[in-house]
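Naming: A, B, ... by sequence-line order, numbering from 1 per chain.
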Amino acid sequence: MRYLPLSEDDRRHMLAAIGARDIDDLFSDVPAPARLADPVDLPGHQGEIAVEQAFRGFAGRNLSPAEAPCFLGAGLYRHHVPAAVDHLIQRGEFLTAYTPYQPEVAQGTLQYLFEFQTQVALLTGMEVANASMYDGATACAEAVLMAVRLGKTRRRAIVAGGVHPHYRDVAATYGRFADIDMIAAPPSWPGTDDPAALIDAKTACVVVQNPDVFGRIHDYSDLAEACHRAGALLIVNVCEPVSLGAITPPGEMGADIVVGEGQSFGNATGFGGPTVGFFATHTRFVRQMPGRLVGQTVDADGRRGFVLTLSTREQHIRREKATSNICTNSGLCALAFTIHLTLLGEAGLRRLAALNHANAVALADRLARIPGIEVPDGAFFNELTVRLPRPAAPVVEKLAADGILAGVPASRLFAGEPGMEALLILAASELTSESDLERLAAGLREALS
Amino acid sequence: MSEPERTFSGHRGLQLEEALIFEQGSPERTAVDLPQPANRVDRLGGLQRRSAIGLPGLSEPEVVRHYTRLSQKNYCIDSGLYPLGSCTMKHNPRLNEKVARLPGLGDLHPLQPVSTVQGALEVIHTCAHWLMTLTGMPAVAMSPAAGAHGELVGLMTIRAAIEDRGERRARVLVPESAHGTNPATAHACGYAVEAIPANARGRVDLEALRAKLDTDVAAIMVTNPNTCGLFESDVIEIAAAAHAVGAFFYCDGANFNAIVGRVRPADLGIDCMHINLHKTFSTPHGGGGPGSGPVVLTAELARYAPLPYVVCESGRYLLIEHGADDPDARPLGRIKGFHGQFGMFTRALAYMMAMGADGLRQASGDAVLNANYIMARLKDVLHPAFPGPCMHEVVFDDTTLKDTGVSTLDLAKALIDEGFHPMTMYFPLVVHGAMLIEPTETESLETLDLFIETMRALVLRAKAGEAAAFHQAPRLTPRRRLDETAAARRPVLRWQPAAIDKAAE
C-alpha cells in the first residue's frame, strides 16, 4: 500500500511497545456488534495505472469545453488561466498546509491572504474584504445574515429578479432557518423589476447583481440612496469579477456589502466547484463579518508579519455566539485568484476586460444577424441574453450533439417561471474566436430554420 | 546557540524576505500578453470604470519569485510531521491532483447539457456509493462545501423533519468537548445550545445526558471518536436515549479516519453525519480550504436532502436540480451554487479507489496504532488526559509542566524550532493545557520516533528550568512570535499607501 509507510515488523514492534496483541485490540472501546470482522463490500486497492485509467474513462464520457465552441456562463466563466498559476498553487507548501494557526510557520499563506483581501477591496471599491468564502452563493447568503444582524429588528431581505437563482435559493434556504422574511422578485426580461419599490421599514437589505444573471449591467447609485434613506443596506453580488476591470465598481455606486464569485481569476469552472467566494464591506461593519480575516502586525523582533485576527467573531472562540459557523474558507482557490490577478496587474486586467467586452459585442452583432433571434439593445459586459423563436433548451441540446456548447437556457435556471422558455444566456471571453462565433451562428441558423 | 546573523539585505540564507506585491512593480507592467481588442463601439452604457483600480503590475518572473518565496515561509505536510489533532493532516497523493485536472473533468462547466457530462455525474454517483457503503447509510447529500457546511445542512434536515411532524423543539445538546462549529451550527439553525457534561473517562456522561433529554430536544451533536481521541463506548445507548424522546443523533464525522473500514456509523445508531473529504479522504487542506463535507443521512432525513442530486436510471445519470423526482421528497432547496465540490469528489474517489476496502481498513488501523504508540512512549514524561487505548489521536494535559514556567504554548513554539508543526493546543477545552496529537497513518516509525524523542527532550529541558529559552521560541523561523493583541486592537486588514507612509515616519 503505497501511501502507508509502516511495515509488518514496524507494527509488531509498536504493538509490543503499547502492550497490545494486535490492532483490533486497540478498538476494544467499540461495542462488539459494531466491529466489522472483514473489509466492507467495495473493491480492493489498485495501483496508480489502474486508477488513472478509470478516471480517463470518466473524463472520456464528457464533452470538454476545450474541445467545443463554448458560450456557457451564468455564474461561472471559462477564462484562460496562465500556466504559472497552476504551477504555483501545486507547490506543496501551499497545497498541503493547513489553516495558518501557527503564524511563525505560515507567513506564506497569511501574506497571500492579506494581498487577496487588498485586491478584493480594490476591485470592489470597498474598504475591507475577508480571506474568502466557500463560493459566491454562500457569500451572498452570509451577507444577508450579516445585514439582518446589523438591522437589529429588521428581518426582511429583498432579492431582485436579476440575482442568479442559485444565489437567491441559497439565501432563501439559509433565511428559512434564521427566520428571515425573504421577498424574491421574479425574473424579468427584457424589462427589469424595481426593488426600490419594495423597501419598507422592516427591510434590512436589498440584494442585486451586477452584471445581472441575464448579463445586463446597471447603475445602482439611485437604489443605494433609496436603501440608505430607508435605513436598509445594499448588497451587490458580482459573479463575473473580470467585469470590474471595465465597469464602475459597486463601492462607487454606494454598496454596503459586495459579495461574489471569484472563480474567473485563476480557477477552472471545475463542474461547479470548488470555487472561491469573496466578501467586502465597510470598515465599520468588520466585527459583524463572517469568515477568516488576516491582519498585519509585528513579531518579537519588530518585523512586519501577518496573523489571523478578530477571531472573537469566529466559532472556535465564540461557539454559539459566533457571526457564522464557517471554519474552512477557500484558501487554495483564493491563492489561484490572487496569483492570476497579480500576473494581470492593472494594465492586464484592463486589457482582459476590454477583450471580453469586445468579443461579447461581436457575439451580439453576430446573433443579431440571425433571423428570428431577438437581441436587446441594453448595456452588458461579456454576457447577454437573447430570445429565440422557440424553446431554448432543445436548441442547446441539438447544438451540443454537434459539439457546440451554445449557452445556458434560462429555463434551466428558472424552472417553471413564465417568460423564460425561449431565453438563451450566452457568454464570451478572451477565448472566444472568430471560428467559434462562426460555428455557433451556423448551428443556430440550422437549428432555427 | 548563537543569535542568527544580521545581514545587509535582510535575507538570511534560504529565508528570503519578500515585500507585498503592492510594494513592487509598476502599473504598466504585466505578466499576461493579450491581444489588443478590435476597435468596436462599446456597449457599457456609460458605466465605464473611471478610477484606477490600484493593482500593481509585475512580469512573470517577478510573480513566480514572489509566490515561491512566500511558499518557502510555510510549513506543510509535504515537508514534515503535522500532528494537528482533529485536523487529520495526512499525505495528499499527487495522483489525486493529476486526475482532478484531466481535460473532461477539471474543465467542465456545471451548466453543460446533462448529456455531455455523463462521466462527471458518474464520478459523483460512484463517490456517493463509496461513502454510503463505508458508513452503512442509505443516502448522502454531496453538495456541502466543507465540514461545517455539512453540519449546517444536516441540522437543517433535522429541523425540517421535526417541523414536518408538526413539532417545535428548541434545544440542541452538544458536549463541552465539541468543535466550536457544532454550537455555532446549532445556533445558525435557530436552536438554543446546551452543554452535555463529560464523565471522568472523557466520554459523554450518559446519565447526565438522559437527565437533559426531553421532547424539547431536537438533536444531540456528538463527535465520535470524540475530540479527546476516545471512542464513545456508550454510543449505542446514547443513540437509543436520543431516539426515545424523538430527538435525532447528529454525529460529527471529523474523526472518521479512526474507524473508516472498521466501524460503520449506521451500526451505532446515528441519523446524520458529515464527512470531511479533506481529512479522511486525503484531499489537500490548501492553507484552509477548499474543503468538502458530504452528509450521510437516514432514509427519514434523506427526504429533506438539498438540491441538486444525482440519480441513475437504467444506466443514464440524471441531475435533479428542481423539485424532486420522488413525490415523497421535501428537498431543502439549494445550499450552495451548482453541484458541490466536484474537484474534491474526484480527488477523494481517486484516493478511495487507490486504497480499496482493504487499504482503508489498514489506514484506520495504522492511524490508531501510531497514536497509541506516541501515547505509550511519551506517558512517562507527559500525562495522558485519559487512559488508553486512544483512537487516532492522543491528548495530554499540562500536569507535568506545572511549576516549570513553560506552558503548552511555549512547548509548541519550541517544537517549531525543532522542525515539527505543533499539535493542536488548548483543545479540547475540557483538558487543562491540552496537547492533542494526531499523527495519521502516513507517518513512518522513524518519523514518529524522532518526534517522540524531541518531545521527551523538550519536556526534560522544561523540567530542568530552561523556561527562559522556551519563552524565546521560536527563534529559527521566518518570523518569531507575532503580536496578535496589537493586530486585533488596531486592525490593519489591507495594504494602503498611506499606512506605509505613516509606518516610515
Side-chain angles (χ1 to χ4, degrees), chain A residues 5 10 14 18 23 26 29 34 39 42 44-45 55 58-59 61-64 72 88 91-93 96-99 104-105 107-109 118 122 134 137 166 169 173 271-274 295-297 299-300 305 309 315-316 319-320 322 325 327-328 331-332 343 345-346 348 358 379 400 408 415, chain B residues 30-32 37 45 54-55 57 67 70-71 73-78 99 102 104 108-111 113 116 119 145-146 148 180 183-185 187 193 231 233 267 285-291 322 333-334 337-339 341-342 356-357 359 365 373 376 389 444-445 477 479-480 487 492 494-495:
Chain A
D10 293 338
M14 294 164 78
I18 295 163
I23 285 178
L26 302 174
D29 285 330
L42 287 165
H45 67 275
F55 277 85
F58 292 130
R61 294 191 275 287
N62 301 319
L63 173 61
S64 162
L72 295 159
L88 289 166
R91 288 187 66 91
E93 301 92 329
T96 77
Y98 192 48
T99 302
E104 299 89 344
V105 286
Q107 285 298 301
T109 299
T118 306
L122 290 169
Y134 301 140
H166 289 185
D169 292 354
T173 307
F271 204 46
Q296 181 180 312
T297 187
D299 79 349
T309 193
Q315 48 76 26
H316 62 284
R319 301 175 79 82
E320 67 269 25
N325 78 332
C327 179
T328 301
L332 201 71
L343 287 161
E346 181 94 13
V408 179
Chain B
T30 179
V32 178
L55 298 172
Y67 291 101
L70 291 190
S71 78
K73 299 176 195 301
N74 275 1
Y75 193 91
C76 64
I77 188 67
D78 278 0
V99 300
L102 288 176
L108 295 176
H109 192 285
L111 298 174
T116 67
T185 300
H187 176 74
V193 178
F231 196 89
S233 40
D267 298 333
H285 284 70
H322 304 280
R334 279 187 175 275
F338 307 102
H339 326 318
Q341 306 284 62
F342 179 75
Y373 181 69
S444 69
L445 178 57
T477 43
R479 285 292 179 272
R480 296 185 56 214
V492 178
R494 57 175 284 192
W495 175 83

If you count heavy-atom pairs under 4.5 Å with chain A, which of B/P389, B/G289, B/G333 comes out on top? B/G289
Heavy-atom pairs under 4.5 Å with chain B are the metric here; pick the option from A/P5, A/G345, A/A379, A/G44 that has the most. A/P5
Donor-acceptor pair, distance only, cut-off 3.5 Å: does the side chain of B/Q341 make one with the backbone of A/G273? no
Heavy atoms of A/P39 and B/A357 approach each other most closely as CB-CB, 3.9 Å
Please identify each residue that fulfils ring pair (Phe, Tyr, Trp, His ring centres under 6.0 Å) with B/Y67, with sequence neighbours left out. none
Measuring heavy-atom distances to chain B, does A/I18 have an atom under 4.5 Å in its side chain, in its backbone, in both, or in neither? both
What residue, out of A/N325, A/V408, A/N62, A/L332, has the most heavy-atom pairs lying under 4.5 Å from chain B? A/N62
Nearest heavy-atom neighbours spanning B/C76 and A/T96: CB-OG1, 3.2 Å
With chain B, the option among A/A300, A/A97, A/S64 that has the most non-hydrogen atom pairs under 4.5 Å is A/A97
Starting at CH2 of B/W495, measure out to CG of A/L122 and round the result to the nearest 0.5 Å. 8.0 Å
So, using side chain to side chain donor-acceptor pair (under 3.5 Å) as the criterion, who are the partners of B/N74 when residues are at least two apart? A/T109
Please look at A/T309 and chain B and tell me whether the side chain, the backbone, both or neither of the residue comes under 4.5 angstrom of a heavy atom of that chain. side chain
If we define contacts as heavy-atom pairs under 4.5 Å, which of B/A146, B/G337, B/G359, B/G45 has the most with chain A? B/G337
Going from CG on A/D299 to CZ on B/R480, what distance comes out if it is rounded to the nearest 0.5 angstrom? 7.0 Å
Shortest non-hydrogen separation from B/A148 to A/Y134 and the atoms involved: CB-OH, 4.0 Å
Shortest non-hydrogen contact from B/P113 to A/A400? CG-CB, 3.7 Å
Select one option (side chain, backbone, both, neither) describing which atoms of B/L102 are under 4.5 Å from chain A's heavy atoms. side chain
Do you know which of B/A31, B/A376, B/P183 has the most heavy-atom pairs under 4.5 Å to chain A? B/P183
Between B/G104, B/P110, B/G356, B/A184, which has the largest tally of heavy atom pairs under 4.5 Å with chain A? B/P110
Would you give the length of the straight line joining atom OG1 of A/T297 to atom CZ of B/R479, rounded to the nearest 0.5 angstrom? 11.5 Å
Are any side-chain N or O atoms of B/T477 and backbone N or O atoms of A/V105, one a donor and one an acceptor, separated by less than 3.5 Å? no
Shortest non-hydrogen contact between B/G365 and A/I23, atoms and distance: CA-CG2, 3.6 Å
If you compare all heavy atoms of B/P37 against all heavy atoms of A/A358, which two are closest, and at what distance to 0.1 Å? CB-CB, 3.9 Å
Once rounded to the nearest 0.5 Å, what's the spacing between atom CD of A/E93 and atom CG of B/D78? 7.5 Å
Among A/A137, A/G295, A/G348, A/G272, the residue with the most heavy-atom pairs under 4.5 Å to chain B is A/G272
As an exercise, state the distance from CG of A/L72 to CG of B/L111, rounded to the nearest 0.5 Å. 7.0 Å
Between the OG1 atom in B/T116 and the CG atom in A/L63, the distance rounded to the nearest 0.5 Å is 5.5 Å
Partner chain B: residue of A/D10, A/L42, A/D29 with the largest heavy-atom pair count (under 4.5 Å): A/L42
Pair count under 4.5 Å, heavy atoms only, with chain B: among A/G92, A/G305, A/P274, highest is A/P274
